[in-house]
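Let me begin by presenting the structure, written as structure tokens, before commenting on it.
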Amino acid sequence: MDDTVMRVVLLLIDIIGPISIGYFLKQKNLVKPAFNDFMIKLNVRGLFTVLAFVAFWKLKFTAEVALIPIAGLIILFVPYFLGMAITKKVEDPLERGALVVSSMLGNTSTLGGLLCFMLLGATSFAYVQVIGVLQSIVLILFCFPVCQKFHDMADTQRGLSKKRTFREMFFTWNQVSILGMLAGAALSLGGVKQPDCFAPFFAALVHISAWIAFLPVVLLLDFEAARREMPKTLWLMPLKFILMPLVVWALCAAVVTNPVMAATLIIVSSCPTAINSVLTCALYGLKTNIAVSSFMTSTTVFALVMCPIYFFLFR
């Protein structure tokens, strides 16, 4: 079977499989909330750590990829600052936090990586993984504390205020995968060759992580509630699919000479809301239905509108 076809098939299996099983479990009421919470924490604290370790060990820190993290930070933080400004008048911190994290995180490694591989080849896929790794760092070191802050703001409104120390904000079990990143980076920079047996192990773990990530989302999914929240998330669509691609296109026109890298960055800049947005909202008690609504709506727009546009532009 052609490698591209295989990637598409595996992607569909990793999406449709856990969604179908999760829907069945939800309909039959076979999973308790405590188990759902356990799966989220297992993914964030356990699998994220192992994946980060192996990915950073494999990553080659060369001059060629130096521009990609810079562009990646722009792709992540322009939506963050705009999201903070646009939601300034939202009174509920739990709702505002969900909107901000939904605007910031994109489905980079999965949907973005697949589309880039299909259109631009293996080099483009490698560029996407660099941004995916960067997003993992930002998720752990920035998004988690931000979500904790919004959660604490909501507690303050309810008279349950608790002042957290720097350690409590930035050094929690949810950030433990940073240790995996540091260990992997140390081995890579030290010139330690990664054993070949790690490749199939890593690939298998990626699929397992996808299943454990999707299952809790489906179990949390409330289509009716997500539909009701949709009007609150519609402002995210022009941000993700018009403004950000234009910003990154202007950046690439100014400083990027590699056409494959430029096309990759433009595609990544318009990736829909990440599944990690839903998991992060659930982890910190934010309005999960807001993130679910953004995830569903933006993924639909990306598949039906942006993918055909990029096939026309970059194929």
Side-chain angles (χ1 to χ4, degrees), residues 33-49 51-52 72-73 75-108 132-182 209 212-213 216-217 219-220 229 232-233 236 273-295:
F35 182 74
N36 205 35
D37 183 60
F38 166 77
M39 285 195 294
I40 293 173
K41 291 178 179 178
L42 172 65
N43 207 29
V44 171
R45 300 175 182 181
L47 295 181
F48 274 20
T49 302
L51 287 170
L73 289 174
I75 291 170
L76 286 165
F77 281 99
V78 169
Y80 167 75
F81 288 114
L82 288 174
M84 289 292 288
I86 292 170
T87 61
K88 191 173 183 179
K89 294 184 178 179
V90 176
E91 296 181 357
D92 184 357
L94 300 181
E95 179 179 315
R96 188 184 181 197
L99 287 168
V100 169
V101 76
S102 295
S103 70
M104 189 176 183
L105 299 177
N107 200 335
T108 301
V133 169
L134 175 67
Q135 181 167 284
S136 296
I137 297 173
V138 172
L139 171 69
I140 295 161
L141 293 183
F142 185 82
C143 290
F144 283 178
V146 165
C147 290
Q148 182 67 69
K149 187 67 175 178
F150 279 116
H151 178 87
D152 291 346
M153 289 167 62
D155 281 350
T156 299
Q157 288 184 352
R158 296 194 295 263
L160 303 173
S161 178
K162 177 187 176 182
K163 187 175 181 179
R164 296 182 185 273
T165 65
F166 181 85
R167 183 191 62 78
E168 289 175 322
M169 287 292 293
F170 291 94
F171 296 95
T172 71
W173 281 110
N174 293 333
Q175 279 116 332
V176 70
S177 61
I178 191 65
L179 298 178
M181 296 177 187
L182 293 173
S209 179
I212 295 179
V217 172
L219 295 169
L220 291 168
E229 301 290 2
K232 299 176 183 178
T233 67
L236 291 166
T273 296
I275 194 170
N276 280 341
S277 299
V278 181
L279 299 180
T280 303
C281 288
L283 198 62
Y284 287 94
L286 305 184
K287 290 289 185 68
T288 306
N289 287 325
I290 291 279
V292 169
S293 179
S294 179
F295 169 74

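Only this structure's heavy atoms are used, side chains among them; waters, hydrogens and symmetry mates stay out.
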Leu283 vs Cys147 side-chain heavy atoms within contact, under 4.5 Å: no
Nearest-0.5 Å distance that lies between atom CD1 in Ile275 and atom CG in Asn107: 7.5 Å
Side chain Arg96, main chain Val90, donor-acceptor under 3.5 Å: no
Check: Ser102 and Thr233 side chains under 4.5 Å, non-hydrogen atoms: no
Closest non-hydrogen atom pair between His151 and Tyr284, with its separation: ND1-O, 2.8 Å
Euclidean distance, Asp155 CG relative to Leu94 CG, rounded to 0.5 Å: 8.0 Å
For Leu134 against Leu73, the heavy-atom pair lying closest together: CD2-N, 3.6 Å
Spacing of Leu82 atom CG and Met104 atom CE [to the nearest 0.5 Å]: 12.0 Å
Those residues that, when tested against Ser294, pass side-chain hydrogen bond (donor to acceptor under 3.5 Å, both in side chains) (two or more places apart): Thr273
Nearest-0.5 Å distance that lies between atom OG1 in Thr49 and atom CD1 in Ile140: 7.0 Å
Polar side-chain atom of Gln135 near backbone of Gly106 as donor-acceptor pair, under 3.5 Å: yes
Any donor-acceptor pair under 3.5 Å from Ser103 side chain to Val100 backbone: yes
Value rounded to 0.5 Å, distance of OG in Ser277 from CG in Leu286: 10.5 Å
Atom pair CD (Glu95) and CG (Asn289), whose distance is rounded to the nearest 0.5 Å: 11.0 Å
Residue pair Leu139, Thr280: steps toward the side-chain contact (heavy atoms from CB on, under 4.5 Å) verdict: CA-CA 9 Å; Leu139 171 69; Thr280 303; 3.4 Å; yes
Contacts of type ring pair (Phe, Tyr, Trp, His ring centres under 6.0 Å), residue Phe77, not counting sequence neighbours: Phe142
